[in-house]
Amino acid sequence: MLINDTQLEKFIIDSGLVPRSDLDAARAEAKESGEHIGDVLVKRGKISEDDLRRTEAYVLGIPFVNLKNQKIDYSVLTLVPEPIARTHNIVAFNKTDGSLEVAMLDTDDLTAIDFIKKKTGLKILPRLTDDLSIKSALLLYQKSLRAEFGEIIQKESAALTALPDSGADAAELKKIAEDLPVVRIVDTLLKHAVLQNASDIHIEPQEGEVSVRYRIDGILRDAMTLPRAAAAGIAARVKVLAGLKLDEKRLPQDGRFKVLMEGEKVSLRVSVLPVYFGEKVVMRLLHEGASGFTLEGLGFHGESLEKVHKALRQTTGMLLTTGPTGSGKTTTLYTMIDILNTPEVNISTVEDPIEYQIGRVNQTQVKPEIGLTFAHGLRTLVRQDPDIIMVGEIRDNETASLAINAALTGHLVLSTLHTNSAAGAVPRLLDMKVEPFLLVSTVNLVIAQRLVRKLYENKEKYFLTKAGIAALGKSIDLDKTLAALIENRIIAKGTHWEKVPFYKPRQSLDSSEGYEGRIGIYEVMIVSSAIRDLVMRGATTSDIEKQARAEGMLTMLEDGIFKCVQGITTIEEVMRVVSE
């Protein structure tokens, strides 16, 4: 918003919103950096973005509206298409004769205002609002979609009951897959999943119904129930889209397809599995436009972040990420590849599957059915003059040996393993018959990770009791974690655990239990000379972890508690995903 810094300062001084000393410091920084004083105050944490918006709205004479829990007529809401509402943070909330009131975070977004004016032919009246109001209004789109889906099911259920049973041949199934009711149901399922930010869709035939569940922020949730007669049609439709065999119902099948949904390309990885009452279909949603991740954005910080950057500056050796399925290992690898992806290096990958396509990176899809395994692909990659190699996963002895040899012969190798901790990667590789002296010569860094749900902004602060602190001390090193919090200036020097703030969700708005989105918690282990000596002596996982902690490594639990104090997540959420 175009607002004079002098006007803003005068109002802040008159209102007492910020102490004069803080205002003077912000003014000096703004003069030096060329930024607006309001932006500097937000950056310094002296006022929130919402407070700044309210202040600017008052100075400019623009009405400020609060949409939290406000009912908005669906016909008014949809005058602004949802993709525009989400991209530009603009919501239509009130229509009068010839004019439309829209709530915005930035009333200078003339592109959005122009678009809505041309689309509706109405006079647009911009109003300022806050983040929580926008989020609350955007949820109304999803709720209306649930109602829309229910109407489609109700309307088409009569047609669905007439479908042939599971004994239909390929020609009948193809006809079913192209029936309008089935096409509309699958399309709406996909649309709903995209708007809900689901990562997976589970379609499960039961004895008397079809259960549909979405995985949102790592948690499976019931989405809806369909008539039992829909099972064959939905499975057939998905098979057609994924290019699978329609009449093969005895064996599992895997495929993939792409759709353009809500203005973005979404790639869907499909798995079909025969179950007792038919075929279970699971679709993994991968947003092709998802890019621009940073290590900081993924949740790395402080010394751990420095360790990862230092390891990425190496030109040889191996970097491993570990954790169970769905813990974000591949996203971490892609983010590191994105950092390394410069014109001076040749990067090649062998993956199963290729989840995101990256420019200038040579990506190979594993196809075991024709003999293109990780080992075969990796053996060929080293003859392609690569500087950096990414192996999607080290699954067997042969792949492990080839990856180690590639790291020994002048390549930087990035890969993943399935282990519970960073220290656990060592015995896992030894189990794969990797010689200890080769392992300590190549592995530079091991990252273990999990994903935790992030709290909404409207969270509640609380403090642990003495009993709570004692219980926490059984899982983490309290002194080391407190020191890390002070060192990173999350809490003031001299603060004791009794005064350390924690946060819990305040349930509101929808059924997400006060959480939205996910972030990683990590332990980052540098393979130091002391750890190399332990490996050569045949030390256990606990011995290696003890040494890594002595060298400053935060465990995943400790990193999780660090993020709890930052107000990013909760103790319960950290404990849920980390098993000791």
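- Between the side chain of Q449 and the backbone N or O of T321 there is no donor-acceptor pair closer than 3.5 Å.
- Residues meeting the ring-ring contact (aromatic ring centres under 6.0 Å, His included) test with Y334, sequence neighbours left out: Y356.
- In this structure R213 satisfies the side-chain hydrogen bond (donor to acceptor under 3.5 Å, both in side chains) test together with E204, sequence neighbours excluded.
- Take H301 and apply the ring-ring contact (aromatic ring centres under 6.0 Å, His included) test, not counting sequence neighbours, and it matches F562.
- Residue E296 places its CD atom among more than 12 non-hydrogen atoms of other residues, nucleotides or ligands, all under 6.0 Å distant.
- Residues A92 and V102 come closest through the heavy atom pair CA-CG1, 4.0 Å.
- Judged purely by atom type and a 3.5 angstrom limit, Q206 has no side-chain atom pairing as donor or acceptor with the backbone of F277.
- Contacts of K504 classified as salt bridge (charged side-chain N to carboxylate O under 4.0 Å, His left out), with partners at least two apart in sequence or in another chain: none.
- Counting only N and O atoms by type, the side chains of D114 and T111 include no donor and acceptor under 3.5 Å apart.
- Salt bridge present: E355 and R269 bring a charged side-chain N and a carboxylate O closer than 4.0 Å.
- For S304, the side-chain hydrogen bond (donor to acceptor under 3.5 Å, both in side chains) criterion is met by no residue, not counting sequence neighbours.
- The salt bridge (charged side-chain N to carboxylate O under 4.0 Å, His left out) check on K367 picks up nothing, with sequence neighbours excluded.
- With contacts defined as side-chain heavy-atom distances shorter than 4.5 Å, the pair N341/I347 qualifies.
- For the pair K563 and G299, the tightest heavy-atom approach, listed with the atom from each and the gap, is NZ-O, 2.8 Å.
- Within the model, atoms CG of D352 and OG1 of T364 stand 12.0 Å from one another, a figure rounded to the nearest 0.5 Å.
- When the side-chain hydrogen bond (donor to acceptor under 3.5 Å, both in side chains) test is applied to R215, no partner is found at least two apart in sequence or on another chain.
- Ion pairing between K175 and D179 fails under the 4.0 Å rule for side-chain N and carboxylate O.
- Applying the salt bridge (charged side-chain N to carboxylate O under 4.0 Å, His left out) definition to pairs two or more places apart or across chains, none involves residues 222-238.
- Residues satisfying the salt bridge (charged side-chain N to carboxylate O under 4.0 Å, His left out) criterion with D109, sequence neighbours excluded, are absent altogether.
- Listed by chain and number, the residues in a side chain to side chain contact (heavy atoms under 4.5 Å, CB included) with F115 are P81, I84, K119 (sequence neighbours excluded).
- With sequence neighbours left out, F93 forms a ring-ring contact (aromatic ring centres under 6.0 Å, His included) with no residue at all.
- Applying the side-chain hydrogen bond (donor to acceptor under 3.5 Å, both in side chains) rule to K95 yields no partners; only residues at least two apart in sequence or on another chain are considered.
- Side-chain contact check for Q363 and E351: at least one donor-acceptor pair (N or O, by modelled atom type) lies under 3.5 Å.
- Counting only distance, with no hydrogens or angles, the side chain of K329 and the backbone of E393 share no donor-acceptor pair below 3.5 Å.
- Looking at K174 and E178, a side-chain N of the basic residue comes within less than 4.0 Å of a carboxylate O on the acidic one, giving a salt bridge.
- Under the 3.5 Å distance criterion, the side-chain polar atoms of E101 are left unmatched by any main-chain donor or acceptor of L125.
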